[in-house]
Amino acid sequence: MGNIPGLTVDELQTCESHQWYRKFMTECPSGLLTFYEFKQFFGLRNLSDTSNAYVMTMFTTFDMNNDGFIDFIEYVAALSLVLKGGVKQKLRWYFKLYDIDGSGCIDREELLQIIKSIRAINGVPFEISAEDFANMVFDKIDINGDGELSYEEFMDGIQNDEMLLMTLTQSLDITHIVEKIQGEIRANN
């Protein structure tokens with residue numbers, strides 16, 4: 001957040017939490033964030049059907065109690081995971097996010113859909129096409145060659161391949177969105 005002289009780390013984190021709570025309650029006075037409000041909150045507008053489906057999947061993974069809303073605690077938990085979570089925590093979340101149909105495995109089409117959606121939302125050009133990247137992931141980590149990535153294949157494969165780990169981490173980096181929100185919080189104080 002800002003550089004406030006004389007504050008300890010704990011005091012700064014408390015200050016940030018209060019500001020995040022104010023932002024959350026300003027944007028969502030009911031205390032329950034709907035899917036529509038979730039998109040507005042993160043500035044996600046005019047999305048393609050595929051990107052919208054990805055954002056819905058992301059919303060659903062953040063809605064930990066499956067009530068159709070994100071409350072402040074779920075919101076903080078999601079931000080904490082994305083911003084401060086360890087590699088294994090993030091990979092578990094990525095797996096859940098990629099497993100669109102909830103089958104317990106990621107197939108090539110699910111991976112491709114997510115990659116395309118992330119790229120559309122981020123708007124950052126990549127050296128390798130989404131199709132080639134999905135194929136590369138499967139070639140590298142689909143150990144049994146069944147066309148699906150089990151949780152174990154995904155976790156082990158990504159953690160043991162620095163390039164895949166870096167690419168996934170960068171592609172799902174929402175720091176720019178958080179920085180935008182932090183800028184809005186600072187501007188309103």
Handout entry: Flag if over 12 foreign heavy atoms under 6.0 Å of CG, D49
Key = no
Handout entry: Non-hydrogen side-chain atoms of V55 and F35 separated by less than 4.5 Å
Key = yes
Exercise for the section: Indicate yes or no for a side-chain donor-acceptor contact from D63 to the backbone of F59 under 3.5 Å, with no hydrogens or angles considered. Expected result: no
Problem - Residue pair T34 / F69, side-chain heavy-atom distance below 4.5 Å - result: yes
Practice task
Please lay out, stage by stage, how K116 and L112 fare under the test side chain to side chain contact (heavy atoms under 4.5 Å, CB included).
Solution key: CA-CA 6 Å; K116 285 181 176 179; L112 182 58; 3.8 Å; yes
Problem - Close side-chain approach of D139 to V137, heavy-atom, < 4.5 Å - result: no
Handout entry: Distance (rounded to the nearest 0.5 Å) between D161 CG and I141 CD1
Key = 8.0 Å
Problem - Gap separating the CD atom of E162 from the CG atom of L164, nearest 0.5 angstrom - result: 10.0 Å
Completion exercise
Note: S150 and C105 closest approach over all heavy atoms is CA-SG, 4.1 Å
Exercise for the section: Check whether any side-chain heavy atom of F38 lies under 4.5 Å from a side-chain heavy atom of M58, and answer yes or no. Expected result: yes
Exercise for the section: Identify whether I128 and I115 are in the same connected component of the hydrophobic contact network (ILVMFWY, side-chain heavy atoms under 4.5 Å). Expected result: yes
Handout entry: Reported CD1-to-OG1 distance for the pair I70 and T60, which is rounded to 0.5 angstrom
Key = 8.5 Å
Practice task
Take the angle between the ring planes of F72 and Y75 and call it parallel below 30°, perpendicular above 60°, tilted in between.
Solution key: tilted
Exercise for the section: Applying side chain to side chain contact (heavy atoms under 4.5 Å, CB included), run through M64 and I73 and close with a yes or a no. Expected result: CA-CA 10 Å; M64 294 170 207; I73 298 300; over 6 Å; no
Fill in the blank from the handout: When rounded to the nearest 0.5 Å, the distance separating CZ of R92 from CE of M155 is 5.5 Å
Handout entry: Min side-chain heavy-atom separation R108-N135 under 4.5 Å
Key = yes
Exercise for the section: Report the relative orientation of the aromatic rings in Y151 and F95; use parallel for angles under 30°, tilted for 30 to 60°, perpendicular for over 60°. Expected result: perpendicular
Handout entry: Student check: side-chain heavy atoms of L165 and L91 closer than 4.5 Å
Key = yes
Exercise for the section: Supply the atom-to-atom distance K96 NZ to I106 CD1, rounded to the nearest 0.5 angstrom. Expected result: 13.0 Å
Exercise for the section: Measure the spacing between CG of L149 and CD1 of I158 and express it to the nearest 0.5 Å. Expected result: 7.5 Å
Practice task
Using a 4.5 Å cut-off on heavy atoms from C-beta on, say whether the side chain of I114 contacts that of E110.
Solution key: no
Fill in the blank from the handout: From the list F154, Y98, F62, ring-ring contact (aromatic ring centres under 6.0 Å, His included) with W93 holds only for F62
Handout entry: Flag side-chain contact, heavy atom, 4.5 Å: E153 against N144
Key = yes
Exercise for the section: Tell me whether M25 is reachable from Y36 by hopping between hydrophobic residues (I, L, V, M, F, W, Y) whose side-chain heavy atoms are closer than 4.5 Å. Expected result: no
